[in-house]
Asker: 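Below is one structure. I have some questions about it.
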There are 2 protein chains.
Amino acid sequence: MSGPILPANGPAEPERGDAARNRAAILVAARELVAQCGAAALTMDAVAFRAGLGKGTVFRRFGSRAGLMLALLDQSEREFQQAFMFGPPPLGPGAPARERLMAFGRARLAFMDVHGEVERARDLSAAIHFGSAAARLQHTHLEMLLRDGGVPGDARALAYYLAAGFDAGRVAFLLETGEFTHEQLAAGWEQLVDNVLPPLSE
Amino acid sequence: MSGPILPANGPAEPERGDAARNRAAILVAARELVAQCGAAALTMDAVAFRAGLGKGTVFRRFGSRAGLMLALLDQSEREFQQAFMFGPPPLGPGAPARERLMAFGRARLAFMDVHGEVERARDLSAAIHFGSAAARLQHTHLEMLLRDGGVPGDARALAYYLAAGFDAGRVAFLLETGEFTHEQLAAGWEQLVDNVLPPLSE
DNA sequence: AATAGAACCGGACCACGGTCCGTTTATTCA
DNA sequence: TGAATAAACGGACCGTGGTCCGGTTCTATT
């Protein structure tokens with residue numbers, strides 16, 4: 001439950017020169033393959049081959065397929081974090097909590113439109129999936145906004161339930177089957193926020 | 001978007017005698033193995049061997065590992081459905097929507113305490129996971145209760161966000177890491193319901 | 001520059017999910 | 001009851017994620 005707020009793209013301790021070089025090469029190769037064939041079709045063998053390395057090296061650097069996907073996602077995720085933590089309102093600080101919560105939903109859904117495929121590809125492995133720094137950060141952010149918005153009781157638990165709505169797999173499924181449109185989900189979120197926060201006293 | 005309300009344990013059309021027998025044998029074998037080694041450690045080879053059948057047969061009957069898990073879950077899931085659709089209040093009909101929603105949360109969390117492992121083992125495969133009859137039924141149920149409770153706007157979208165909180169993987173992760181206790185999640189759900197529904201006019 | 005030792009590399013290897021197709025078996029109908 | 005047909009069976013086979021360990025390469029120390 002500790003560690004850096006914003007997840008870094010590199011490892012905690014500095015690696016040897018060749019290791020760092022290889023890590024970069026692997027990321028480049030993976031990005032190219034995703035762009036070319038899609039995240040779902042990316043195989044670890046292909047990444048290793050394209051990077052001109054052995055498969056063992058890829059696993060040594062990233063631990064698993066999920067870990068590699070997480071690393072790929074990392075940069076985009078950090079931009080998103082930057083936006084909701086330090087960016088301009090209403091997503092960033094400066095707007096009332098209610099507006100920020102609403103903006104968060106739209107922003108996250110839009111994020112998934114672009115990066116959802118990679119996000120979805122880092123399957124199972126709950127520890128990596130739900131325990132990632134990005135996931136924690138978003139949870140904490142929502143909790144803070146809820147508290148800020150004057151919600152009574154256990155803001156942390158409430159934040160959990162709200163955050164669960166932004167599951168890449170779930171959202172992708174609903175959009176693909178046509179069960180919901182992006183707009184419906186976005187509007188639903190705003191309504192949820194509206195109902196959860198106490199009425200404005202003005 | 002059609003089909004039976006309660007998912008059946010067997011296939012739609014009747015199968016040949018031997019096929020039905022084998023289906024039963026596979027389910028028995030799978031259940032024993034789950035009881036013995038846990039759902040996560042269950043392999044399709046082991047199931048086939050224990051059932052005295054070829055692997056191909058197992059896949060023919062259940063399509064995939066996820067499908068087999070779903071079948072294992074099916075009976076328990078149907079009991080749960082029975083309870084919230086026709087059982088005694090407050091979970092079943094007869095109580096006000098607010099109480100029923102609250103009871104639903106507790107009941108579902110308790111369900112996951114028991115069956116969560118199997119539920120979690122039917123990984124990925126969004127179509128099977130999120131599109132299952134049980135998932136749809138719960139979603140519809142929540143939607144109905146929300147509408148019944150007088151929630152304004154798009155009850156369906158709201159129901160989606162509420163249902164997302166009951167993800168076996170998510171819940172298991174939170175409980176295992178000690179981030180939340182069962183009770184905190186249950187209480188959080190009740191608070192969420194309380195906040196989402198319009199205040200009682202009495 | 002030489003040496004020691006840790007870190008890293010590679011690719012053979014394993015386990016598991018899933019597919020395929022030749023063979024076997026249940027059912028139907030004459 | 002026997003032939004015809006459709007369905008089911010089995011297990012060899014494949015691709016992929018992940019592991020392992022002997023050999024190699026980098027870095028620190030003197």
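Every heavy atom of this structure was used, including side-chain atoms; hydrogens, water molecules and symmetry mates were not. Quick caveat, the model's predicted, so the values are computed rather than measured. Proteins get letters first, then strands, A, B, ... in listed order; numbering begins at 1 in each.
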Asker: How long is the line joining CG of B:L33 and P of C:dC16, in whole Å?
Answerer: 12 Å

Asker: Check side chain to side chain donor-acceptor pair (under 3.5 Å) between B:D18 and all other residues, then give those that pass, not counting sequence neighbours.
Answerer: B:R16

Asker: Donor-acceptor pairs under 3.5 Å, side chain of residues 85-94 of chain A to any protein atom, not counting sequence neighbours: which ones?
Answerer:
none

Asker: For A:V58 and A:I26, which heavy atoms make the closest approach, and how far apart are they?
Answerer: CA-CD1, 3.8 Å

Asker: For A:F49 and D:dG15, give me the distance from atom CZ to atom P, rounded to whole Å.
Answerer: 16 Å

Asker: Sequence neighbours left out, what passes side chain to side chain donor-acceptor pair (under 3.5 Å) with A:T177? Give chain and number order.
Answerer: A:E179

Asker: Residues in side chain to side chain donor-acceptor pair (under 3.5 Å) with A:R147, at least two apart?
Answerer: A:E143

Asker: Who pairs with A:F59 by side chain to side chain contact (heavy atoms under 4.5 Å, CB included), at least two apart in sequence or on another chain?
Answerer: A:M44, A:K55

Asker: Roughly, in whole Å, what's the span from CZ in A:R65 to P in D:dG17?
Answerer: 5 Å

Asker: Whole angstrom is fine here: how far is it from CZ in A:R21 over to P in C:dC9?
Answerer: 9 Å

Asker: Spell out protein contact along nucleotides 1-10 of chain D as letters: B when the base is contacted, S when just the sugar-phosphate is, - when no protein heavy atom is under 4.0 Å; keep the 5' to 3' order.
Answerer: -----BBBBB

Asker: Between C:dC8 atom P and A:I26 atom CD1, what is the distance in whole Å?
Answerer: 12 Å

Asker: Does B:E183 have any side chain to side chain donor-acceptor pair (under 3.5 Å) partners at least two apart in sequence or in another chain, and if so, which?
Answerer: B:R106

Asker: Return each pair, listed once, that meets ring-ring contact (aromatic ring centres under 6.0 Å, His included) where at least one residue sits in residues 23-58 of chain A; pairs must be two or more places apart or across chains.
Answerer: none

Asker: Let's see if you get this right: which residues in residues 35-46 of chain B place a heavy atom under 4.0 Å from DNA chain C?
Answerer: B:L42, B:T43, B:M44

